[in-house]
Amino acid sequence: MQQRIEALLSKYGLTDFQKLVLVATSSIPKGKTATYKEIAKRIGKPKAYRAVGNALAANPLPVVIPCHRVIKSNGSVGSYSRRGGAAAKLRLLKRENASSLKGL
DNA sequence: CCCGATTCCCCGC
DNA sequence: GCGGGGAATCGGG
């Protein structure tokens, strides 16, 4: 479970906050998406939405952590690993979960 | 010290 | 009611 992820992240040299965010992200239910704020709230820092994005940006396990499932509060995908990646992320979400996206 | 995958509030029309 | 801009906030290098 997520516990496995935390142990894995530990060897990546990440901090507690990083691991916390990544684990919370990996815990996102299938067929659904979570907002940065939701993740921040989940880890106990509802105001750390920005830090949450930072943690996801350092996500060393993109195969275990569906960072593409994490979007903005207004329904937009926000950004991704690199510029323009948002389009791929949106496409991925539509193909994987078809969640409540904004619609481009 | 500065920046970053964000969010919310206020103002104007 | 809608759109745009600025400030606030948290952590990491």
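The chains referred to below are lettered A, B, ... by the order of the sequence lines, with proteins before strands, and numbering in each begins at 1.
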Approximate separation, where rounding is to 0.5 Å, of A/S26 OG and A/L8 CG: 10.5 Å
Residue pair A/V70 / A/I28, side-chain heavy-atom distance below 4.5 Å: yes
Value rounded to 0.5 Å, distance of NZ in A/K45 from CZ in A/F17: 6.5 Å
Residue pair A/S10 / A/K19, side-chain donor-acceptor N/O under 3.5 Å: yes
Separation of atom NZ in A/K37 from atom C1' in B/dA5, rounded to whole Å: 16 Å
Nearest-0.5 Å distance that lies between atom CG in A/L20 and atom CD in A/E6: 7.5 Å
Nucleic acid contacts - residues 12-26 of chain A versus DNA chain B, non-hydrogen atoms under 4.0 Å: none
Between C1' of C/dC10 and CD1 of A/I39, the distance in whole Å: 16 Å
Distance (rounded to the nearest 0.5 Å) between A/T35 OG1 and A/R69 CZ: 14.5 Å
Min side-chain heavy-atom separation A/P66-A/T33 under 4.5 Å: no
Integer-rounded Å distance: B/dT7 P and A/K41 NZ: 13 Å
Donor-acceptor pair under 3.5 Å, A/Y36 side chain vs B/dA5 base: yes
Atom pair distance, as rounded to whole Å: CG in A/N74 and C1' in B/dA5: 13 Å
Dot-bracket notation for DNA chain B, counting Watson-Crick and G-U pairs under 3.5 Å, with | for partners on another strand: ||||.||||||||
Validation row: A/K47, A/K37 side chains within 4.5 angstrom (heavy atoms): no
Side chain A/K89, main chain A/V77, donor-acceptor under 3.5 Å: yes
Residues touching DNA chain B, which here means a heavy atom under 4.0 Å, drawn from residues 48-60 of chain A: A/Y49, A/R50, A/G53, A/N54, A/L56, A/A57
Spatial distance of atom CG (A/N54) from atom OH (A/Y49) [nearest 0.5 Å]: 13.5 Å
A/K72 backbone acceptor or donor facing A/S76 side chain under 3.5 Å: no
Length of the line joining A/I71:CD1 and B/dT6:P, which is rounded to integer Å: 12 Å
